[in-house]
2 protein chains.
Amino acid sequence: MVATIADVARLAGVGVGTVSRVLNGRPNVGASTRARVLAVITELDYVPNATARSLSSGRTRTIAVVCIHFIIPSVIERIHGAERTLTDAGFDLIIRNVETAERRDQALRDLTHAERVDGAILISVTPNEQDYQHIRAAGLPVVLVDASHRSMARFVCDDVEGGATAGRHLLSLGHRRIGFVGDPPRPSLGVPSSRSRLRGLREALAEQGLDVAPHHLAEGEHFRAGGYESALRILKLKDRPTAVFAANDTLAFGVLQAARELGLRVPTDLSVIGYDDIDAADLVGMTTVHQPLYDSGAAAAARLLRLLNGQDHGPLRTVMPTRLTVRETTAPPNTGTAPVKSIHGSSAPVSSSNHHRVR
Amino acid sequence: MVATIADVARLAGVGVGTVSRVLNGRPNVGASTRARVLAVITELDYVPNATARSLSSGRTRTIAVVCIHFIIPSVIERIHGAERTLTDAGFDLIIRNVETAERRDQALRDLTHAERVDGAILISVTPNEQDYQHIRAAGLPVVLVDASHRSMARFVCDDVEGGATAGRHLLSLGHRRIGFVGDPPRPSLGVPSSRSRLRGLREALAEQGLDVAPHHLAEGEHFRAGGYESALRILKLKDRPTAVFAANDTLAFGVLQAARELGLRVPTDLSVIGYDDIDAADLVGMTTVHQPLYDSGAAAAARLLRLLNGQDHGPLRTVMPTRLTVRETTAPPNTGTAPVKSIHGSSAPVSSSNHHRVR
DNA sequence: TGGTCATTTGGAACCGATTCCAGGAGGGAG
DNA sequence: CTCCCTCCTGGAATCGGTTCCAAATGACCA
């Protein structure tokens, strides 16, 4: 049905070796022969079979991207960066989405087994020592993004510094009672970044002799529902914080929702700062700590390509910069004066029920 | 280095054919032989080479997902649904993100060429007649999502009906001057759904003898910036609409941003309704027309798996239901009192004589 | 005991490329 | 004119599976 290299060889009156050399741009092919082969290739609309090529060459030109929770916006932006770079280099990219710890273990094992891919990018997926040994034994090039292993190439942001940035911003606005909403402290799956960001916040506060009050600290589920629940609990307190730092933007949205529901105006009654600077943060005008999501994926892909070519230079650990992005959900704390209606008051739609205060 | 089927055969003292039969769960293998082979497989930690398997069997167990703009949330949710279904069925999924018309053409051509995949799902990517002929000639199973071709299996939502739903909701709240913000009318790439949704809106309005005023209609870029620009233009008008329907949630976010900037309170001064019901719409409490994004991806994947098994039943065109999801950005128009504040200060009270009527 | 048939088994052929080696053609030097 | 070296070229071997065919085995029956 579909033309093969043998068909091309026969019609061009040459051997398959010659066709292969033409296909791969190798030297040692006569000009007229090359022209004849190319003509037949065009005529037959011939494209080499990728599978056969992989089998004989031992390279699949395919990269696995293993990620947790494909639906998380920050993960998607990282994949997007990797996708562009890999596609431009002629590589295919296969997605391995893992949503449970078992799936993660299985995905990491499978990476090396069926020799299906030339390399892998792990996004927010941290290999354990056993995984590492498997990968190393198989000689599979792997680059981590937003994950860590002391012996593997990785691109990370300084989460402690980013957390401190958020803390210093709130402090500079005059906040003293600052709450924190984060991921579960020991997630079965995924990233310790939430804890690092909390640590950064605390370091910033400590410089002023302050700390996060235990009852102003909630570490629940990763998703918005978690941020919402956590924030509700904290914001219902009599001595609720005047500002909340959420370990990522998705959680921060949950905080905003809780504030809206409790009739707290943002930023007048409550400042909220997130982390990641996903697209949606810009949409709703949320202050956040920006980290280079797209770029981290692109950089990891570029590094992986270099590893595949055996050009393994550069440090194992690359720290990418974070920066504060101030929008409309942070402001000085509301001291004393009665709430005033503000046109910019809430990034979220103004609900008619937001007159009554908490309790 | 890595064990092959020949190693297993030798250690088990059987032929490669027998090992293959065991691997694939074929009958006609003696119980004791099977046990011995399985023992060796376990001992060697043997996994069959996926590439070799593909080459000899002619099936790659890989599906291509071709999508426009990998970064669009609705696209991602659809991919997520497809990913789960395909992974559970043991298929790998490769992503082909196309962001220009040329890339789209190339991606569609490549699908059939290198025999790299067993089938494809096209998300918001519409094949032209030539693409269709290529695909048909190659016998490649393909399912469309949010795209149309009269001869291909597809899952769509009734965009006209969805648009009408949005229109009727606004009408029932009492709105008479309704604006529309949509995608460019003739996108080089992508979907005509924006136009269909506008048509639905007009049909709903026509039932009341109304229409969208030409200067209340803006079709700009797909992304938020487009929605923002379009909305700014419309909302600065003296006779600005009391409600805006945006062809998708991303555009609607741009409308919200423009409203915020102009000092228009939502929903008091302006109602906004989107389309898609992406996660972020829930985050900010936006009223929207819900369509089953995840489910459409999952359904398409399930259908594709059936096509691969030769069980091609069911209609070519499957229409999935939409439904109105009312949140906090729509309300009756503000008739009595003047707006609290307005950037341009015109703040003309809504006068019912102002309705734009169908000629 | 011999014949028939179903089941089990080994291994060659094949999938479609790449790669390597040997042989042929052509050009330059002696 | 011969020899040698370089450059082209054809085709067999190879990658690691699946599949098919023929042969071996064993059960059953006359």
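- Taking the side chain as every heavy atom from C-beta outward, A:Arg34 and A:Val37 never approach each other to under 4.5 Å.
- Between A:Tyr46 and the phosphate of C:dA17, there is a side-chain N or O to OP1/OP2 separation shorter than 4.0 Å.
- Spacing between atom CZ of A:Arg10 and atom C1' of D:dG11 amounts to 15 Å, rounded to whole angstrom units.
- B:Gly17 comes within contact range of at least one nucleobase, with a heavy-atom separation under 4.0 Å.
- Counting only distance, with no hydrogens or angles, the side chain of B:Thr42 and the backbone of B:Leu38 share a donor-acceptor pair below 3.5 Å.
- Phosphate contact (OP1/OP2 of D:dT9, side-chain N/O of A:Thr33, threshold under 4.0 Å): present.
- With rounding to whole Å, A:Arg34 atom CZ is found 11 Å from D:dC8 atom C1'.
- For the pair B:Asp7 CG and D:dG16 P, the interatomic distance rounds to 9 Å; values are reported in whole Å.
- Annotation: of the two residues near DNA chain C, A:Ala6 and B:Gly13, the 5′-most nearest-nucleotide partner is B:Gly13.
- Residue B:Arg36 contributes atom CZ, which lies 8 Å from atom P of C:dT9 at whole-angstrom precision.
- One atom, CZ of A:Arg21, and another, P of C:dT19, lie 11 Å apart when rounded to the nearest Å.
- The side chain of A:Asn28 sits closest to D:dT9 out of D:dT9, C:dG11, C:dT18.
- Taking only side-chain nitrogens and oxygens, A:Thr18 comes nearer than 4.0 Å to OP1 or OP2 of D:dG10.
- Following rounding to the nearest Å, A:Arg26 (CZ) and D:dC7 (P) show an atom-to-atom distance of 17 Å.
- Looking at residues 47-59 of chain B, you'll see B:Leu55, B:Ser56 sit with a heavy atom under 4.0 Å from some atom of DNA chain C.
- Between the side chains of B:Arg109 and B:Gln130, no donor N or O sits under 3.5 Å from an acceptor N or O.
- Side chain to side chain, A:Thr62 and A:Asp92 fail the donor-acceptor criterion of an N or O pair below 3.5 Å.
- Taking atom CD1 on B:Ile5 and atom C1' on C:dG11, their separation rounds to 12 Å, with Å as the unit.
- Side-chain atoms of B:Gln133 and B:Asp131 form no donor-acceptor pair, as typed in the model, at a separation below 3.5 Å.
- Protein atom CZ of A:Arg116 is 15 Å distant from nucleotide atom C1' of D:dG16, rounded to whole Å.
- Side-chain atoms of B:Ser296 come within 3.5 Å of backbone atoms of B:Pro292 as a donor-acceptor pair (strictly under, hydrogens ignored).
- For C:dC15, the OP1/OP2 oxygens have no side-chain nitrogen or oxygen of A:Thr4 closer than 4.0 Å.
- Nearest to the side-chain atoms of B:Val16 among the listed nucleotides D:dT18, C:dA17, D:dA12 stands D:dT18.
- B:Leu23 places a side-chain heavy atom less than 4.5 Å from the side chain of B:Tyr46.
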